[in-house]
Peer 1: 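Please find one structure pasted underneath; my questions will follow.
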Amino acid sequence: MAFTLPLSPAKTLTATITQFPENPKTLILEQCKTTKDLNQIHAHLIKTRRLLNPTIAENLLECAAILLPEPMDYALSMFYKIDEPTSSAYTIMIRGFTLKQSPLEAILLYKKMRENSVEPDQFTFPCILKACSRMQALSEGEQIHAQIMKCGFGSYMFCENTLIHMYAHCGKVEVARRVFDGMSERSIVTWNSMVAGYTKSGYWEDVVKLFRKMMELDVRFDEVTLVSVLTACGRLADLELGEWISGYIEANGLKGNPTLITSLVDMYAKCGRVDTARRLFDQMPRRDVVAWSAMISGYNQASQCREALDLFHEMQRANVDPNEVTMVSVLSSCAVLGALETGKWVHFYIKKKRMKLTVTLGTALIDFYAKCGSIDSSVEVFERMHSKNVLSWTVLIQGLASNGQGKRALEFFNLMQEKNIEPIDVTFIGVLSACSHMGLVDEGRSFFVGMSRDFGIEPRIEHYGCMVDILGRAGLIEEAYQFITNMPIQPNAVVWRTLLASCKVHKNVEFGEESLKHLVRLEPTHSGDYILLSNIYASVGRWEDALRVRSQMKEKGIKKTPGCSLIELDGVIHEFFAEDNVHPFSKEIYNATEDMMKRIKSAGYVPNTAEARLDAKEDDKEASVSHHSEKLAIAFGLIKTAPGTTIRISKNLRVCTDCHNATKIISKIFNREIVVRDRNRFHHFKDGSCSCNDYW
DNA sequence: GTAGGGTTAG
């Protein structure tokens with residue numbers, strides 16, 4: 001400006017204000033950039049008594065409350081000195097409090113404003129409604145809605161827009177929609193508020209419906225709209241609409257918006273197009289923590305857990321700090337892979353960075369430890385969590401049950417009810433599997449009946465499966481069979497397989513044959529089922545029949561699925577298949593296995609069980625332990641670990657009787673604690689015995 | 001003066 005004097009900025013400013021007393025507003029707002037400016041202008045205006053001018057006072061108040069990132073104290077001290085604050089002074093203060101994360105103060109001040117009989121105006125209402133949204137203060141919001149109507153601002157668009165936002169934020173999407181429908185005129189803010197409202201409540205179908213309506217009515221939408229719609233497409237697996245939006249983004253040059261691209265990545269991953277998602281992710285010039293998290297969670301949800309962990313390591317090399325959301329997906333992948341060391345490191349990192357242990361993160365940790373067989377750590381995390389929800393309890397109960405601690409699982413279930421936490425359907429899967437572990441048949445029956453009677457939860461196929469397991473394991477094979485035939489829903493392969501497995505344990509040929517009939521119909525190529533029946537025949541000495549089933553398998557071209565084990569060493573996951581000679585450690589393992597077998601045999605163990613003998617006849621060579629991949633992994637563990645250490649093996653196939661017995665002996669003669677994960681059940685071997693006493 | 005977006009546990 002021409003009149004600028006060579007003084008300090010503030011002095012320059014006070015000089016200009018003196019020169020233009022009639023219009024100080026823009027000057028104050030434009031020039032007041034720092035706290036120092038504010039102090040000097042404030043002092044000057046007091047000295048010249050011009051703060052008594054209400055307009056000037058309000059402008060300065062706006063600087064302190066809104067423009068500068070000051071705490072509200074300064075503005076408040078100024079506000080108190082105003083004799084009779086007008087509604088605009090109150091509005092400035094309400095806005096300031098909401099902006100500076102003190103919506104409660106905003107609401108209290110609004111109450112005071114009403115007590116002092118100051119009439120709110122059309123500017124006050126949107127501001128105070130925003131504070132209500134933040135606080136999720138529904139009843140206050142409703143009162144303000146009534147006041148808006150009384151004051152005649154009911155069809156004022158800014159008020160209506162904020163009403164939509166407030167209702168949606170307080171969980172009243174339907175009311176928000178009513179406000180929306182009642183509007184005679186809508187802006188893009190109106191539509192986006194409604195879309196965001198549906199998004200917040202997870203009403204994905206409504207998001208898409210509303211978006212289609214926007215297109216139908218030729219309403220303008222923007223990037224914010226598209227982000228919400230893409231999120232909805234991902235949740236609904238609506239790839240068609242997702243791809244259309246993708247094309248729109250391309251055609252309209254919106255690819256520079258990282259948030260938009262992240263939601264595209266998320267959409268593609270959730271629709272099963274993980275590779276497309278990855279290509280987009282790789283093309284992003286800058287990736288923030290959310291972009292990385294979206295891609296990692298994409299891999300995790302697509303069951304590509306190794307890729308998820310690889311990407312997590314890449315993220316660290318790229319020096320992007322993960323947040324608690326990232327960690328949830330990472331832990332979930334660790335749980336699937338049984339990657340205890342990696343997951344433990346994640347836990348350590350969470351503590352070191354003082355990350356907030358949210359309910360979700362805590363629950364992911366509980367689940368991770370449980371699925372890695374470290375059930376004590378699960379309980380420890382659970383006990384330390386400040387807030388828990390039904391899923392935290394459920395995951396813990398399931399974890400205890402699958403780790404052979406059925407009694408503790410039921411104790412936690414009782415405790416949960418004492419705390420008035422309503423169980424969900426999954427909770428009962430944990431409870432019922434705890435019963436099957438402990439052979440609690442009557443309790444199992446009564447939980448099964450009680451879940452629908454007392455909690456209104458209709459049993460799903462999984463619950464029926466649990467009941468079959470309970471009855472079958474307890475030797476009540478015929479009752480289990482009757483239970484299946486009386487089920488109100490169609491039994492699936494898992495249910496019949498459960499029965500078949502208990503027929504194996506109890507050497508029941510009749511119902512074993514019956515189960516296989518159904519299994520052949522439902523899943524004709526599932527090799528494990530034939531093997532199970534073949535082993536049932538073998539266990540009662542019917543070798544001819546046993547071999548007949550095996551040759552039937554061959555005729556049908558069904559191959560035995562190779563056993564597969566995962567073992568983590570120094571944070572690296574090694575994957576071994578039975579008869580593996582590809583893995584670089586194969587030779588080493590083979591030698592160790594041979595050596596191990598010698599020692600096992602000299603300790604008095606003879607591998608003489610049915611499956612081993614059958615395999616021997618089939619392959620025309622002596623049954624050796626080496627074809628059981630878990631034993632490969634154990635051998636691998638033995639050569640790499642010191643006595644006394646725990647060896648952990650994650651498996652995705654059943655542990656056979658043969659290897660179960662062998663592992664017991666190994667744990668004793670090699671002095672190792674061995675944790676074997678057989679799908680989602682655990683066997684803790686120590687000192688020659690196993691935690692599961694119901695299984696073999 | 002109003003909205004403001006993407007990643008999370010079974």
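Labels below follow one simple rule: chain letters A, B, ... track the order of the sequence lines, proteins then strands, and each chain is numbered from 1.
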Peer 1: Please check if the distance between the ring centroids of A:Phe413 and A:Phe447 is under 6.0 Å.
Peer 2: yes
Peer 1: Is the distance from OP1 or OP2 of B:dA9 to the nearest side-chain N or O of A:Gln301 less than 4.0 Å?
Peer 2: yes
Peer 1: Give one of base, sugar-phosphate or nothing for A:Ser228, where a contact means two heavy atoms less than 4.0 Å apart.
Peer 2: nothing
Peer 1: Taking only N and O in the side chain of A:Thr394, is any of them less than 4.0 Å away from OP1 or OP2 of B:dG10?
Peer 2: no
Peer 1: Under 4.0 Å between any heavy atoms, over every strand shown, what does A:Asp121 touch: base, sugar-phosphate, or nothing? Just pick one.
Peer 2: nothing
Peer 1: Which part of the nucleic acid does A:Ile188 contact within heavy-atom distance under 4.0 Å: base, sugar-phosphate only, or nothing?
Peer 2: nothing
Peer 1: With a cut-off of less than 4.0 Å, is there a side-chain N or O of A:Lys200 near OP1 or OP2 of B:dG6?
Peer 2: no
Peer 1: Any side-chain N or O of A:Arg235 under 4.0 Å from OP1/OP2 of B:dT7?
Peer 2: yes
Peer 1: Regarding A:Arg134, tell me which of base, sugar-phosphate or nothing describes its non-hydrogen contacts under 4.0 Å with the strands shown.
Peer 2: nothing
Peer 1: For residues 393-405 of chain A, which residue pairs qualify under side chain to side chain donor-acceptor pair (under 3.5 Å), counting only residues two or more places apart or in two chains?
Peer 2: A:Thr394-A:Thr427, A:Asn403-A:His684, A:Gln405-A:Arg408
Peer 1: Could you tell me whether the phosphate oxygens of B:dG1, OP1 or OP2, come under 4.0 Å of any side-chain nitrogen or oxygen in A:Lys130?
Peer 2: no
Peer 1: Any side chain to side chain donor-acceptor pair (under 3.5 Å) involving residues 279-292 of chain A? Give me the pairs, sequence neighbours left out, ordered by first then second residue.
Peer 2: A:Arg278-A:Asp282
Peer 1: Contact class for A:Val395 vs. all strands (heavy atom < 4.0 Å): base, sugar-phosphate, or nothing?
Peer 2: sugar-phosphate
Peer 1: How are the rings of A:Tyr156 and A:Phe153 set relative to one another: parallel (under 30°), tilted (30 to 60°) or perpendicular (over 60°)?
Peer 2: perpendicular
Peer 1: When you measure from the side-chain N and O atoms of A:His165 to the phosphate of B:dG4, is any distance below 4.0 Å, counting only OP1 and OP2?
Peer 2: yes
Peer 1: Please evaluate the base of B:dG5 for a donor-acceptor partner in the side chain of A:Asn192 within a cut-off of under 3.5 Å?
Peer 2: no
Peer 1: Using a 4.0 Å heavy-atom cut-off across all strands, classify A:Glu160 as base, sugar-phosphate, or nothing.
Peer 2: nothing
Peer 1: Regarding A:Asn300, tell me which of base, sugar-phosphate or nothing describes its non-hydrogen contacts under 4.0 Å with the strands shown.
Peer 2: nothing
